[in-house]
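Single-structure report; data block below.
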Amino acid sequence: MKPPVSALAAAVLAAALVTPLCAQRDYDWSGELAPGATLRVFTVNGTVTVRPASGRTARIHGETENASGGDQIRYVAERSGGDIRVCALREDATCSDNGVRSEGRRWRWGSRRSKGNFTVEVPRGVVVHVSSGNGDVAVDGGTADVHASSGNGDVRVGAGAAEVHASSGNGTVMVDGARGPVRASSGNGRVAITTASGPVNASTGNGRIEVAMSSLRGSGDMSFSSGNGSVTLTLPGDFSANLEASTGNGGIHSDFPMRVSGRMSSHRITGTIGNGGRRLHISTGNGSITLRRSGS
């Protein structure tokens, strides 16, 4: 005997009440990528974690967290030549090689957002472009150029990458053991960089900057600026540059002897280190400036 309609409705309602608030579904892509190819992974909201692949096959796994009452996450993948681009998007967003762009309604403070979290395996020699509109981004195992960014979250690039571009609108930015030039910035957060071979450029609106370079190639200029925080540079023993350093509130200290040009001040110095050459500009609105000689 079939239960009455009212009983069926009650059963459906009871089932709905015990359904999890966040439904999940997965997305997977895999394929071979040759050295020199570019892998792009972008999410409008969520984390991106990159680790090394064991061979030539790249793997991209997306884990979706659909918030109750929030937009659903959809995935878009495009293979172009030897490159791959995969994006996790809300319905109001579009994706290009430059990342995700939201074009729809604004989110109210406290509203719940659906997430698309990525775990990526990258083969050796593949260029990496990864970003999140809101979430942490971490890259380990990159052996070619790495571009990593977050609108709101920490960004970390591990050892082995060649040229690195790393940025966060609001979060800490860390680059460890890069083999080439580094550009790093944060709108609000600490910036910490170690590199086997500079040059390095770094900035933050609010936070300290800590940079250590084992060696320097070429004669490219370097610039370091913080709106509010100390700037500490550890430089090769044979470092040479034309220095311009200023702080609104703090001292300037250097392990390197220099020839000072013009009037010397405890808050501003213009001078030459070694044989000069490249321009080194350092500024902070509130904090000390320290130049350390590597190994001392």
Side-chain angles (χ1 to χ4, degrees), residues 138-146 148 154-168 172-186 189-204 207-226 228-247 250-261 264-284 286-296:
V139 180
D140 286 305
T143 56
D145 294 350
V146 172
D154 295 340
V155 174
R156 182 178 61 82
V157 179
E163 184 170 338
V164 175
H165 293 247
S167 64
S168 174
T172 297
V173 176
M174 299 182 66
V175 179
D176 181 22
R179 297 181 291 108
V182 175
R183 287 188 175 273
S185 65
S186 175
R190 170 178 169 246
V191 177
I193 301 167
T194 64
T195 176
S197 177
V200 173
N201 289 271
S203 65
T204 176
R208 66 185 186 274
I209 296 174
E210 299 162 323
V211 175
M213 288 170 269
S214 297
S215 64
L216 275 165
R217 295 178 183 173
S219 57
D221 296 339
M222 297 190 296
S223 178
F224 304 91
S225 64
S226 173
N228 180 37
S230 61
V231 179
T232 302
L233 308 182
T234 302
L235 301 160
D238 60 353
F239 179 71
S240 294
N242 296 319
L243 171 68
E244 296 179 11
S246 64
T247 173
I252 301 175
H253 314 278
S254 175
D255 289 345
F256 296 88
M258 69 179 72
R259 300 184 300 277
V260 176
S261 303
M264 184 174 179
S265 164
S266 59
H267 300 299
R268 183 182 298 272
I269 291 179
T270 301
T272 303
I273 298 174
N275 298 321
R278 76 176 76 242
R279 181 175 175 235
L280 173 61
H281 181 267
I282 310 170
S283 65
T284 175
N286 180 37
S288 61
I289 294 173
T290 303
L291 303 182
R292 293 175 176 165
R293 188 191 298 267
S294 180
S296 63

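Side chains are part of it too, since the values below use all heavy atoms of this structure and drop only hydrogens, waters and symmetry mates.
- Listed here is the closest heavy atom pair of Ser215 and Pro236: CA-CG, 3.7 Å.
- The OG atom of Ser254 sits 7.5 Å away from atom CD1 of Ile269, with the distance rounded to the nearest 0.5 Å.
- A donor-acceptor pair under 3.5 Å is formed between the side chain of Ser240 and the backbone N or O of Asn275.
- With Arg208 contributing its side chain and Gly229 its backbone, the two residues share no donor-acceptor pair below 3.5 Å.
- Between the side chain of Asp145 and the backbone N or O of Glu163, at least one donor-acceptor pair lies under 3.5 Å.
- The line from OG1 of Thr272 to CG of Leu243 is 8.5 Å long, rounded to the nearest 0.5 Å.
- Side-chain N or O atoms of Asn201 include one that pairs as donor or acceptor with a backbone N or O of Ser223 at under 3.5 Å.
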Check step by step if side-chain contact (heavy atoms from CB on, under 4.5 Å) holds for Ile209 and Thr204.
CA-CA 8 Å; Ile209 296 174; Thr204 176; 3.8 Å; yes
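- Under a cut-off of 6.0 angstrom, the local environment of CZ in Arg268 is sparse, with at most 12 non-hydrogen atoms contributed by other residues, nucleotides or ligands.
- Residues Phe239 and Leu280 are in side-chain contact: their nearest non-hydrogen atoms beyond the backbone lie under 4.5 Å apart.
- Separation of atoms CZ (Arg292) and CG (Leu235) is listed at 11.0 Å; rounding is to 0.5 Å.
- Note: His253 NE2 to Asp255 CG = 11.0 Å, rounded to the nearest 0.5 Å.
- Proximity of a side-chain donor or acceptor of Arg179 to a complementary backbone N or O of Gly160 within less than 3.5 Å is detected.
- A donor-acceptor pair is defined here as one N or O able to donate and one able to accept, closer than 3.5 Å; no such pair exists between the side chain of Thr247 and the backbone of Ser288.
- To the nearest 0.5 Å, atoms CG (Asn228) and OG1 (Thr284) are separated by 6.5 Å.
- When all heavy atoms are compared, the tightest approach of Pro199 to Met222 is CB-CG, 3.7 Å.
- Between Val191 and Ala184, the shortest heavy-atom contact is CG1-CB, 3.9 Å.
- Contact of the Leu291 side chain with the Ile282 side chain is registered, since non-hydrogen atoms from C-beta on lie closer than 4.5 Å.
- Between the side chain of Thr194 and the backbone N or O of Gly177, at least one donor-acceptor pair lies under 3.5 Å.
- None of Ser185, Ser226, Ser186 except one satisfies the side-chain contact (heavy atoms from CB on, under 4.5 Å) rule with Ser203; the exception is Ser185.
- Here the side chains of Asp221 and His281 are not in contact, with every heavy-atom distance at 4.5 Å or above.
- Residues Phe224 and Val200 have side chains in contact (heavy-atom distance under 4.5 Å, counting atoms from C-beta outward).
- The heavy-atom pair separating Val173 from Ala166 by the smallest distance is CG1-CB, 3.8 Å.
- Atom OG of residue Ser294 and atom CE of residue Met213 lie 10.5 Å apart, to the nearest 0.5 angstrom.
- Between Leu216 and Arg278 the shortest heavy-atom distance is CB-NH2, 3.7 Å.
- Scanning all heavy atoms of the two residues, the minimum distance from Val231 to Ser283 falls at CG2-O, 4.2 Å.
- Between Asp176 and Arg156 there is no salt bridge, since no side-chain N of the basic residue sits under 4.0 Å from a carboxylate O of the acidic one.
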